[in-house]
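In listed order, ligands and their atoms are each counted from 1.
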Amino acid sequence: MIITGIQPTGNLHIGNYLGAIKPLIALQQNDEDTYAFIADYHAITANFDPASFSQVSRDLVAMILACDFDTERGSIFLQSDVPEHTEMAHILGCTAARVGQLNRMIQFKEKMAALAENEETPSVGLYTYPVLQAADVLLYQDAENGTPTKVPVGDDQSQHLNLVVDIAASFNHRFGDTFILPKPVISTAPRIMSLFDGTKKMSKSDPDDMNRINMSDPADRIVKKFRKATTDQHMICGTVEEIGDRVCLRNLLTIYAAFADMTLDEAVAHFAGKGFGALKGELADIVVATLEPIQARYLDIRERKQAMSQMLGRGAMGASIMASDTLHRVRKAIGIADRNGLGEDEV
Ligand code: AQP
């Protein structure tokens, strides 16, 4: 079983596609039961626009479906449609997660520093974010077979995932075996960087749209963004080792290799001795050719609003069956009875 979440914090970009969606679809093809959720309760831990929030979430669902997520083999749902996530987060926050652990989270420190630059202070939700993440993961358990749930994540999330495992172990230690410890699967997919700053990752919430290639960008905009991407004056080198600290070159070659299903070595060999013009031209061609059919499906799915609502409803219902079962066991373990004070077993 696989559980994965993606935040509705803006337009999906090719970094999300290569780093999260494409590997997820590949895992799904191995017959894994998949739960994919739109992490809207995570997205509200930072600034968000209530007027467009719901549409951003739905567009994200439409794009994931357009990338070939198979709803026969998995559920896709909104986190906020499955209230067990927040209830479980409260229980874990009280019983198994400790302030000292949250204080060590690098992502919180980085986000807090970024907010401080604008004289803003973080929300409590941003601080407790990893506890909600623990709830997201631990609700989905293969209790019948006892096999660990796989959680595919980028390496920037490995600290949070280790915390999820620690929280589960600490709960089990205190209340008896309740959770099967999950298995983080750290992505081997490439990290895609900003088109202008090769040291900063491509990101949905980056205020400058020119830094990323959105999955929904039209062909002419993709061509323009690659044309304007940062380069240097040198020719393209002959080996990966020679790339050295030319981070923008490395990024463009990495994107090319990922879209062409090549290794980085093969991509370097393909462009060795050529100028950036050749690389940027071929890069735009291959990205446009991959995205165009996805975009056509996306526009079609996005229009079918009722079908999407029904599909999300089915997804939430499927997720709720498993989530409420786990939550029931957790409530029982901590001595909180279900159904008006009576344990379900006594009803
Ligand atoms: N640049 C990237 N390269 C490769 N993979 C990436 N992911 C994100 N950016 C890149 C992967 O996409 C998934 C989405 O996770 P998320 O929506 O929870 O948030 P994120 O990682 O913080 O993604 P963004 O795009 O950078 O959003 P914002 O701007 O909101 O922070 C994850 O699996 C991630 O590894």
Output field: ring centroids Phe108/His160 closer than 6.0 Å: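 Between His160 and Phe108, which both carry aromatic rings, the centre distance is not below 6.0 Å.
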From Ile192, Ile14, Thr254 - option closest to atom 1 (N) of ligand 1 by heavy atom: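 When every heavy atom of Ile192, Ile14, Thr254 is considered, Ile192 comes closest to atom 1 (N) of ligand 1.
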Selection from Lys111, Lys201, Arg191 by shortest heavy-atom distance to atom 21 (O) of ligand 1: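 Shortest heavy-atom distance from atom 21 (O) of ligand 1: Lys201.
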Interfacing atoms of ligand 1 (cut-off 4.0 Å, heavy-atom, [X]):
X      : answer
Gly19  : 4 (C), 5 (N)
Pro190 : 4 (C)
Gly154 : 35 (O)

CG (Asp245) with more than 12 external heavy atoms under 6.0 Å: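 Not more than 12 within 6.0 Å, no.
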Within 6.0 Å of NZ in Lys274, more than 12 heavy atoms from elsewhere: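 Yes.
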Sub-3.5 Å N/O-N/O distance, Asp206 and ligand 1: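 It does not: no N or O of Asp206 is found under 3.5 Å from an N or O of ligand 1.
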Polar contact flag for Ala20 and ligand 1 (N/O pairs, less than 3.5 Å):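 Between Ala20 and ligand 1, no N or O pair is found under 3.5 Å apart.
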CA sep, side-chain torsions, deciding dist, call: Lys225, Asp209, salt bridge (charged side-chain N to carboxylate O under 4.0 Å, His left out): CA-CA 9 Å; Lys225 284 180 175 178; Asp209 188 62; 3.0 Å; yes
Identity and distance of the protein heavy atom lying nearest [atom]:
atom                    : answer
atom 30 (O) of ligand 1 : Thr9 OG1, 2.6 Å
atom 5 (N) of ligand 1  : Gly15 O, 3.1 Å
atom 17 (O) of ligand 1 : Lys204 NZ, 2.5 Å
atom 28 (P) of ligand 1 : Ser205 OG, 3.4 Å

Min heavy-atom dist [X] to ligand 1 below 4.0 Å:
X      : answer
His13  : yes
Ile6   : yes
Asn16  : yes
Pro152 : no

Side-chain ion pair, Asp197 and Lys200, N-O less than 4.0 Å: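 No, no charged N to carboxylate O under 4.0 Å.
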Lys/Arg-Asp/Glu bridge criterion (N-O < 4.0 Å) met for Lys224, Asp217: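 A salt bridge is absent here (no side-chain N lies under 4.0 Å from a carboxylate O).
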Pairs where residues 296-313 contributes a residue and the test side chain to side chain donor-acceptor pair (under 3.5 Å) is met, not counting sequence neighbours: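 Output for this query lists Arg58-Ser309, Asp59-Arg302, Tyr298-Arg302, Asp300-Arg304.
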Side chain to side chain donor-acceptor pair (under 3.5 Å) evaluation trace for Ser57 with Asp40: CA-CA 7 Å; Ser57 296; Asp40 46 6; 4.8 Å; no
Non-neighbouring partners of Phe171 that pass ring-ring contact (aromatic ring centres under 6.0 Å, His included), sequence neighbours left out: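 Listed in chain order: Phe175, Phe179.
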